[in-house]
Amino acid sequence: MVTGERARDVTFPSAGAKLAGTLAVPDSRDPAPGVVMVGGSGPSDRTNDDFFPPIQRGLVEAGFAVLSYDKRGVGGSSGDWLAGTIDDFAVDAVAALGFLRAQPEVHAETTGLFGHSEGGWVVLRAAAGGDVPWVITNGCPGMTPAAQDRYALATALQAVDGITADDADVALAVYDQLVEAGRRGADFAEATRLVQSFSIPASVEELFGEYWSETDERLWEFTKRKQDHDPIPDVLRLRCPHLATFGGADELVPVAESIGMFAAAACRAGRHPRATLTVELFPHAGHRLQVHGGPTLVPGYVETLVRWITVGSWP
């Protein structure tokens with residue numbers, strides 16, 4: 001029986017970096033199954049902007065050991081996430097998994113990976129063909145970052161009063177040109193000139209300006225490396241069960257399309273017999289499985305994770 005939890009700060013090596021995180025374990029005499037939590041895009045820390053702690057608490061209360069960590073160059077971790085790739089982040093996730101499995105309080109064979117948003121792409125890459133008993137993705141797009149970001153921009157444009165369809169089309173055309181510029185290797189100066197060459201309507205100038213103003217030379221180079229990452233080949237290589245959770249009100253991810261892409265991959269011939277797919281959709285929840293943009297997780301979310309890991313994920 002779990003009567004409490006013990007949490008401690010930890011560090012572990014990964015490909016030339018030292019990653020820092022928090023390990024929370026249940027107060028139990030028996031080794032616990034473990035969960036490595038991998039954050040989303042940008043400079044995500046071990047709390048993933050305070051999204052992870054309530055999930056972590058629920059998992060620990062249910063008897064799981066949980067490790068979350070700061071991305072490279074964030075918080076207590078060394079390195080530089082802007083110099084990385086999905087592959088690099090997957091190496092870090094594998095290092096975290098190995099560290100967690102080596103802890104005496106943890107049952108290694110039942111310890112798996114949880115990834116939120118971009119972290120979903122990361123854990124799918126880490127689990128593809130590897131020795132992982134299960135993998136969970138939360139709000140993970142089934143398509144490339146370029147396609148997902150275009151959807152998010154289009155959704156944001158639709159939500160702004162006074163923007164006409166023609167004005168929105170101009171903003172999306174600029175985005176499409178930037179994606180193509182990235183594919184041909186354009187540098188940041190060329191990308192900036194491209195944006196400046198468009199006559200962006202006043203109705204969308206503020207929103208698109210916010211999108212582009214966050215981009216500098218290093219972020220542009222990172223975006224170019226990442227934009228065409230396709231998660232489906234990794235899904236096809238899985239040798240373990242996959243739980244994909246989504247919020248039906250997610251404004252950043254095309255949920256129905258993502259579910260369809262994961263389902264189509266699950267139906268492909270030649271899949272490993274243990275590579276099952278389970279989809280859980282929470283209709284009124286957003287990208288972070290919170291209701292109406294608030295801090296509260298949709299009811300039943302953590303319980304769904306616990307039930308699936310416990311009952312349906314390992315032999």
Side-chain angles (χ1 to χ4, degrees), residues 39-44 48-49 51 71 73-74 80-86 89 116-121 139-231 246-258 261 286-288 290 292-294:
S41 61
S44 57
N48 201 41
D49 297 323
F51 172 50
K71 189 179 283 189
V74 179
D80 181 4
W81 69 270
L82 280 169
T85 63
I86 296 293
F89 302 150
H116 169 65
S117 196
E118 177 193 277
W121 292 323
C140 176
M143 64 288 299
T144 66
Q148 179 260 314
D149 281 344
R150 190 185 196 279
Y151 173 88
L153 178 59
T155 302
L157 289 166
Q158 292 172 3
V160 178
D161 291 335
I163 293 182
T164 67
D166 288 342
D167 290 350
D169 286 344
V170 172
L172 292 171
V174 180
Y175 176 84
D176 292 340
Q177 289 294 317
L178 284 170
V179 170
E180 291 304 318
R183 287 180 180 144
R184 67 171 182 269
D187 61 17
F188 181 62
E190 181 180 345
T192 301
R193 289 194 297 271
L194 188 154
V195 172
Q196 294 172 344
S197 71
F198 276 81
S199 178
I200 298 176
S203 62
V204 302
E205 188 172 10
E206 181 177 355
L207 190 151
F208 191 85
E210 290 176 359
Y211 163 78
W212 182 247
S213 66
E214 297 177 355
T215 304
D216 58 15
E217 184 172 1
R218 299 196 68 230
L219 183 55
W220 171 248
E221 293 299 324
F222 173 82
T223 301
K224 288 196 300 183
R225 292 193 300 273
K226 171 185 165 183
Q227 67 176 17
D228 288 322
H229 172 79
D230 183 357
F246 294 95
D250 193 332
E251 296 181 346
L252 301 180
V253 173
V255 171
E257 185 178 355
S258 294
M261 296 176 82
H287 186 55
R288 292 181 164 220
Q290 298 161 336
H292 305 304

* To do: Take the angle between the ring planes of Trp220 and Trp212 and call it parallel below 30°, perpendicular above 60°, tilted in between.
  => perpendicular

* To do: Look at the rings of Phe222 and Trp81 and say which category their plane angle falls in: under 30° parallel, 30 to 60° tilted, over 60° perpendicular.
  => perpendicular

Hey, is the main chain of [Y] close enough, under 3.5 Å, to the side chain of [X] for a donor-acceptor pair?
{"X": "Glu251", "Y": "Ala156", "answer": "no"}
{"X": "Asp250", "Y": "Val253", "answer": "yes"}
{"X": "Lys71", "Y": "Gly40", "answer": "yes"}
{"X": "Ser258", "Y": "Gly142", "answer": "yes"}
{"X": "Arg150", "Y": "Asp176", "answer": "no"}

From [X] atom [atom1] to [Y] atom [atom2], the distance as rounded to the nearest 0.5 Å:
{"X": "Phe188", "Y": "Leu194", "atom1": "CZ", "atom2": "CG", "answer": "12.0 Å"}
{"X": "Arg218", "Y": "Leu82", "atom1": "CZ", "atom2": "CG", "answer": "4.5 Å"}
{"X": "Thr223", "Y": "Leu178", "atom1": "OG1", "atom2": "CG", "answer": "10.0 Å"}
{"X": "Leu219", "Y": "Glu214", "atom1": "CG", "atom2": "CD", "answer": "8.0 Å"}
{"X": "Leu252", "Y": "Gln148", "atom1": "CG", "atom2": "CD", "answer": "6.5 Å"}

Measure across [X] and [Y] and return the closest heavy-atom pair with its distance rounded to 0.1 Å.
{"X": "His287", "Y": "Gly139", "value": "CE1-O, 3.2 Å"}
{"X": "Ser41", "Y": "Lys226", "value": "CB-NZ, 4.0 Å"}
{"X": "Pro141", "Y": "Ser117", "value": "CD-O, 4.3 Å"}
{"X": "Ala171", "Y": "Val204", "value": "CB-CG2, 4.2 Å"}
{"X": "His116", "Y": "Phe51", "value": "ND1-CE2, 3.6 Å"}
{"X": "Ser203", "Y": "Gly162", "value": "CB-O, 4.0 Å"}

Would a 4.5 Å heavy-atom cut-off, applied to side chains only, mark [X] and [Y] as touching?
{"X": "Ser44", "Y": "Glu118", "result": "no"}
{"X": "Thr192", "Y": "Thr215", "result": "no"}
{"X": "Asp49", "Y": "Arg288", "result": "yes"}
{"X": "Phe198", "Y": "Gln177", "result": "yes"}

* To do: Taking atom CD of Glu217 as the centre, report whether more than 12 heavy atoms of other residues, nucleotides or ligands fall under 6.0 Å from it.
  => no

* Asked: Which of these passes side chain to side chain contact (heavy atoms under 4.5 Å, CB included) with Phe208: Val170, Leu172, Val174, Leu157?
  -> Val174

* Can a salt bridge be assigned to the pair Glu221 and Lys224 using a cut-off of 4.0 Å between side-chain N and carboxylate O? -> yes

